[in-house]
Participant: 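Got a structure for you, written out below as structure tokens; questions coming shortly.
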Amino acid sequence: MLLRMSSLFLRTLREDPADAEVPSHKLLVRGGYVRRVAPGIYSWLPLGKIVLENVARVVREEMNRAGGQEVLFPALLPREHYEVTGRWTEYGDTLFRLKDRKGGDYLLGPTHEEMFTLMVKGEYSSYKDYPVILYQIQTKYRDEARPRAGILRGREFVMKDSYSFDLDDEGLKRSYELHREAYIKIFDRLGLDYKMVFATSGAMGGSASEEFLAPTPTGEDTFVQCAGCDYAANTEAVVLAAPEAAAGEAPPAEVLDTPDTPTIETLVELLRSRGMDIDASGTLKNVVLKTRRPGEDWELLVVGVPGDREVDLDRLAGQFEPVEVAQAEPEDLARQPALVKGYIGPQILAGLGVRYLVDPLVRPGSAWVTGANEQDRHAANVVRGRDFEPDGEIGAVEVRSGDRCARCGSELTIARGIEIGHIFQLGRKYADAFGLDALGPDGRPVRITMGSYGVGVSRAVAAVIEQSHDDKGLIWPREIAPADVHVIGTGKDNQIEVALEIAGELEAAGLRVLVDDRAGVSPGVKFTDAELLGIPTALVIGRGLAQGVLELRDRATGAREEIPHAEAVARVLAAVRS
RNA sequence: CGGGGCGUGGCGCAGCUUGGUAGCGCGCUUGCUUUGGGUGCAAGAAGUCGUGGGUUCAAAUCCCGCCGCCCCGACCA
């Protein structure tokens with residue numbers, strides 16, 4: 001490949017576009033890689049298109065190596081299949097919907113579980129056919145409430161999604177592992193710094209799930225990582241070390257008169273004034289929420305957390321998906337008069353038929369001061385497992401920097417990252433919806449179990465830039481750079497001819513070459529553009545040419561070295577292949 | 001959807017307070033100049049001032065409505 005800048009469809013900008021905020025957006029636009037067409041919708045110019053294809057190529061190679069087979073579904077899909085799984089309605093406003101001339105409903109695919117499931121159902125029917133992994137690299141659409149950050153979060157984006165189909169859980173696990181390994185290779189090759197974080201798709205779903213996050217301050221996902229081991233988790237899925245179990249058996253629960261103590265703060269203050277050794281972390285706060293399945297009524301839910309903690313509604317929402325969670329309103333509480341605001345305790349919840357979940361920090365056997373379900377009264381020594389039994393545990397507390405890792409006990413820190421990949425064991429949700437079975441060896445149908453795996457291809461381009469740029473411009477990792485080497489001819493003699501000559505030799509040697517052969521453009525402009533464009537290696541044919549000297553530059557390190565003209569091709573090859 | 005900001009040549013902006021018919025930088029065209037860090041000089045091309053209405057002799061500028069865009073939040077398989 002040989003690109004000549006004298007004819008390349010490229011215009012670089014000296015100023016940041018007014019609508020860009022994050023580095024990847026600014027630099028992609030300034031470097032002439034992309035142009036905005038509408039909010040969250042971008043065109044890719046020649047250099048950008050090359051980079052995008054490079055990322056897709058890496059993804060494709062690794063998916064094929066993992067045994068995946070590439071297919072391609074339409075982006076434009078009929079409503080009916082998404083009706084079967086309920087997603088036509090469940091997906092809400094984020095789904096791009098449209099009508100054809102006959103008034104038929106269509107959508108622009110946000111993800112293609114339905115289509116893959118149907119395709120497999122249509123072709124395969126025997127257990128001998130399985131397992132199988134299919135994938136596509138396709139443009140996806142989501143009508144985001146607020147697209148932002150340029151390429152990072154658009155309404156149209158390129159994504160690789162793959163799906164595994166297995167006969168049993170063991171097979172699913174293997175397919176999941178294959179993807180995990182493939183993703184590691186992909187993101188390594190893309191030159192990304194990334195973390196694999198646990199991202200359980202919820203206490204409700206419960207299947208294994210991990211996200212690949214590229215840590216950067218501009219990321220939208222919050223995760224925790226451990227200072228002491230390699231544990232990392234999405235804040236939705238984080239597991240915190242539970243506190244030490246109290247020694248010995250707690251005395252029987254007792255009810256205390258605690259007038260005017262509707263908040264944890266006032267309660268602790270009162271008890272301390274009576275000489276009790278207690279702080280907020282020894283109290284059990286019970287927060288009333290409500291949940292709603294799609295199309296059903298709200299139900300009350302009480303969540304118990306240590307009194308010094310806040311409930312993280314976002315974290316809960318992620319785990320309840322697609323069930324909605326919200327703070328209960330006074331009128332919701334009114335339906336359960338036994339719940340006395342400010343004095344709610346878990347002791348009576350089971351009797352009321354109100355669902356009660358606790359954060360794992362509320363350990364089995366732990367003793368608490370909590371509400372007595374009477375105005376102005378609290379109860380002490382209320383023990384989980386003795387005086388109340390929750391319906392389950394759910395990570396509910398707002399995670400704090402300094403919380404302890406459940407695995408090694410070290411401190412956790414909170415960081416931000418861009419989600420570039422996600423693998424998870426879907427299970428039989430879609431197979432059930434469409435009745436995807438294989439006929440087993442015993443002549444009976446076996447329900448197929450699926451995995452779902454995504455890589456944000458266009459997003460990865462932006463993520464790479466977020467992690468790899470400086471104040472001068474882009475710094476591409478070799479594997480996805482638009483070219484291997486940028487040959488720059490400066491000067492008024494025969495530098496440009498020599499540049500073209502060397503560029504031709506480099507191309508013949510198998511390199512992808514960008515050559516700056518623009519006449520009448522000053523050296524400063526060429527250097528500045530080269531730094532903006534970010535090709536990893538540059539070869540300058542300039543004033544030293546008469547003495548047989550060229551200059552080899554490394555974009556990432558800024559290193560420059562004078563090399564003999566005669567060795568140029570060999571030296572560039574060595575640099576590119578290092 | 002709530003809060004904030006902004007719509008003026010291709011891009012980035014000034015002009016609006018105090019109405020008089022549009023300007024700067026970048027880019028683009030032509031000529032000369034310069035050639036290792038965004039050369040210099042000169043001459044040019046290019047704008048329904050988001051949109052509709054109103055006030056006025058006169059509106060980019062004042063008034064009202066609408067539309068759009070950006071940022072923060074809500075939202076985000």
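Note on naming: letters A, B, ... go to the chains in the order of the sequence lines (proteins, then strands), and numbering restarts at 1 for each one. Side-chain atoms are counted along with the backbone in the values below, which use heavy atoms only and exclude waters and symmetry mates.
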Participant: If you go through the side-chain atoms of A:E531, does one of them form a donor-acceptor pair with the base of B:G37 closer than 3.5 Å?
Facilitator: yes
Participant: If you look at every strand shown and take non-hydrogen atoms under 4.0 Å, does A:D493 touch a base, only sugar-phosphate, or nothing?
Facilitator: nothing
Participant: Pick the P atom in B:C69 and in B:C11, then give their distance to the nearest Å.
Facilitator: 16 Å
Participant: Between B:U61 and B:A22, how many Å separate the two P atoms, rounded to a whole number?
Facilitator: 14 Å
Participant: Given B:U35, B:G27, B:A77, which nucleotide is nearest the side-chain atoms of A:F424?
Facilitator: B:A77
Participant: With a 4.0 Å limit, can you tell me whether A:R146 has a side-chain N or O closer than that to the phosphate oxygens OP1/OP2 of B:C76?
Facilitator: no
Participant: A:D529 has an atom CG; how far is it from atom C1' of B:G36, in whole Å?
Facilitator: 15 Å
Participant: If the C1' atom of B:A59 is compared with that of B:G53, how far apart are they to the nearest Å?
Facilitator: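 Per the computed distance, 13 Å lies between those C1' atoms.
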Participant: Mind checking if A:R155 touches a base, just sugar-phosphate, or nothing, with heavy atoms under 4.0 Å?
Facilitator: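 A:R155: no heavy atom of the nucleic acid under 4.0 Å.
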Participant: Under a 3.5 Å limit for both distances, which nucleotide forms a Watson-Crick or G-U wobble pair with B:G20, could you say?
Facilitator: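 Pairing partner: B:C57.
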Participant: Students often get this wrong, so: under 4.0 angstrom with heavy atoms, is A:R36 touching a base, only sugar-phosphate, or nothing?
Facilitator: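 Here A:R36 touches the backbone only, sparing every base.
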Participant: In whole Å, what separates the P atom of B:C62 from that of B:G7?
Facilitator: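 It comes out at 12 Å once rounded to the nearest Å.
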Participant: Would you say that A:M196 contacts A:Y183 through its side chain, given a criterion of any heavy-atom pair below 4.5 Å between the two side chains?
Facilitator: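 A:M196 does not reach A:Y183 side chain to side chain.
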Participant: Looking only at atom P, what distance separates B:A60 and B:U8, rounded to whole Å?
Facilitator: 15 Å
Participant: Under a 3.5 Å limit for both distances, which nucleotide forms a Watson-Crick or G-U wobble pair with B:G52, could you say?
Facilitator: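 Its partner is B:C64 (Watson-Crick or G-U wobble, both distances under 3.5 Å).
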Participant: Considering only the P atoms, how many Å lie between B:C66 and B:G3, rounded to the nearest integer?
Facilitator: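 Roughly 14 Å separates the two P atoms.
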Participant: What is the distance, rounded to the nearest whole Å, between atom CD of A:E15 and atom P of B:G9?
Facilitator: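 Taking CD of A:E15 and P of B:G9, I get 14 Å after rounding.
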Participant: Any side-chain heavy atom of A:L192 sitting closer than 4.5 Å to one from A:V464?
Facilitator: yes
Participant: Below 4.0 angstrom, N of the basic side chain to O of the carboxylate: do A:R36 and A:D19 qualify?
Facilitator: yes
Participant: Could you check which of B:G36, B:C69, B:G38 has an atom nearest any side-chain atom of A:R543?
Facilitator: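 Of all the options, the side chain of A:R543 is nearest to B:G36.
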Participant: I need the CD-P distance between A:Q495 and B:G36, as an integer number of Å.
Facilitator: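 It is 9 Å, rounded to the nearest whole Å.
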Participant: Which whole-number value in Å describes the distance from A:Q425 CD to B:A77 C1'?
Facilitator: 17 Å
Participant: Roughly how many Å is it from CZ in A:R148 to P in B:C69, rounded to a whole number?
Facilitator: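 In whole Å, B:C69 P lies 15 Å from A:R148 CZ.
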Participant: Need to verify one output field. Residue with the more 5' nearest nucleotide on RNA chain B, A:P17 or A:P110?
Facilitator: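 Going by which nucleotide is closer to the 5' end, it is A:P17.
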Participant: Between B:U39 and A:S522, is there an OP1 or OP2 to side-chain N/O distance shorter than 4.0 Å?
Facilitator: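 Yes.
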Participant: Between A:P147 and A:S452, name the one whose nearest nucleotide on RNA chain B is closer to the 5' end.
Facilitator: A:P147
Participant: Quote, to the nearest angstrom, the C1' distance that separates B:U48 from B:C67.
Facilitator: 16 Å
Participant: With a 4.0 Å cut-off on heavy atoms, is A:T94 in touch with a base, just the backbone sugar-phosphate, or nothing at all?
Facilitator: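 Nothing, no nucleic acid heavy atom in range.
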Participant: Counting any heavy atom closer than 4.0 Å, what does A:R87 reach on the DNA or RNA strands: base, sugar-phosphate only, or nothing?
Facilitator: nothing
Participant: Round to a whole Å and report the spacing from CG of A:L545 to P of B:U35.
Facilitator: 17 Å
Participant: Who does B:G2 pair with, Watson-Crick or G-U, both distances under 3.5 Å?
Facilitator: B:C72
Participant: Check every atom of B:C70, B:G38, B:G36 against the side chain of A:D19 and return the nucleotide holding the closest atom.
Facilitator: B:C70
Participant: Tell me which nucleotide, if any, is Watson-Crick or G-U wobble paired with B:G44 when both distances must be under 3.5 Å.
Facilitator: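 Base-paired to B:C28.
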Participant: Counting side-chain heavy atoms from CB outward, which of B:U35, B:C71, B:G38 is closest to A:T528?
Facilitator: B:G38
Participant: Look at the side chain of A:R553 against the base of B:G37 and say whether a donor-acceptor pair falls under 3.5 Å; ignore hydrogens and angles.
Facilitator: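 Under the 3.5 Å cut-off, the side chain and the base do form a donor-acceptor pair.
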Participant: Rounded to whole angstrom units, what separation is found between the CG atom of A:L107 and the C1' atom of B:A77?
Facilitator: 14 Å
Participant: Using a strict cut-off of less than 4.0 Å between a Lys/Arg side-chain nitrogen and an Asp/Glu carboxylate oxygen, indicate whether A:E561 and A:R571 qualify as a salt bridge.
Facilitator: yes
Participant: With the threshold set at 4.0 Å, does a side-chain nitrogen-carboxylate oxygen contact exist between A:R447 and A:D432?
Facilitator: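 Judged by the 4.0 Å cut-off on N to carboxylate O distance, A:R447 and A:D432 do form a salt bridge.
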Participant: Would you confirm whether A:K160, through its side chain, and A:A56, through its main-chain N or O, come within 3.5 Å as a donor-acceptor pair?
Facilitator: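 No, the answer is negative, given that no donor and acceptor are paired below the 3.5 Å cut-off.
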Participant: What is the nucleic acid contact for A:E220, judged by heavy atoms within less than 4.0 Å: base, sugar-phosphate only, or nothing?
Facilitator: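 No contact at all - A:E220 keeps every heavy atom at 4.0 Å or more from the nucleic acid.
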Participant: Is there side-chain contact between A:E393 and A:L357, with heavy atoms separated by less than 4.5 Å?
Facilitator: no
Participant: I'd like to know whether A:I151 forms a side chain to side chain contact (heavy atoms under 4.5 Å, CB included) with A:H25, so could you lay out the CA-CA distance, the side-chain angles of the two residues, the decisive distance to 0.1 Å, and finally the verdict.
Facilitator: CA-CA 6 Å; A:I151 298 297; A:H25 189 191; 5.9 Å; no
Participant: Sticking with atom P, work out how far B:U56 lies from B:G50, rounded to a whole angstrom.
Facilitator: 23 Å
Participant: Check the distance between B:U39's P and A:R518's CZ and give it to me in whole angstrom.
Facilitator: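 Taking CZ of A:R518 and P of B:U39, I get 11 Å after rounding.
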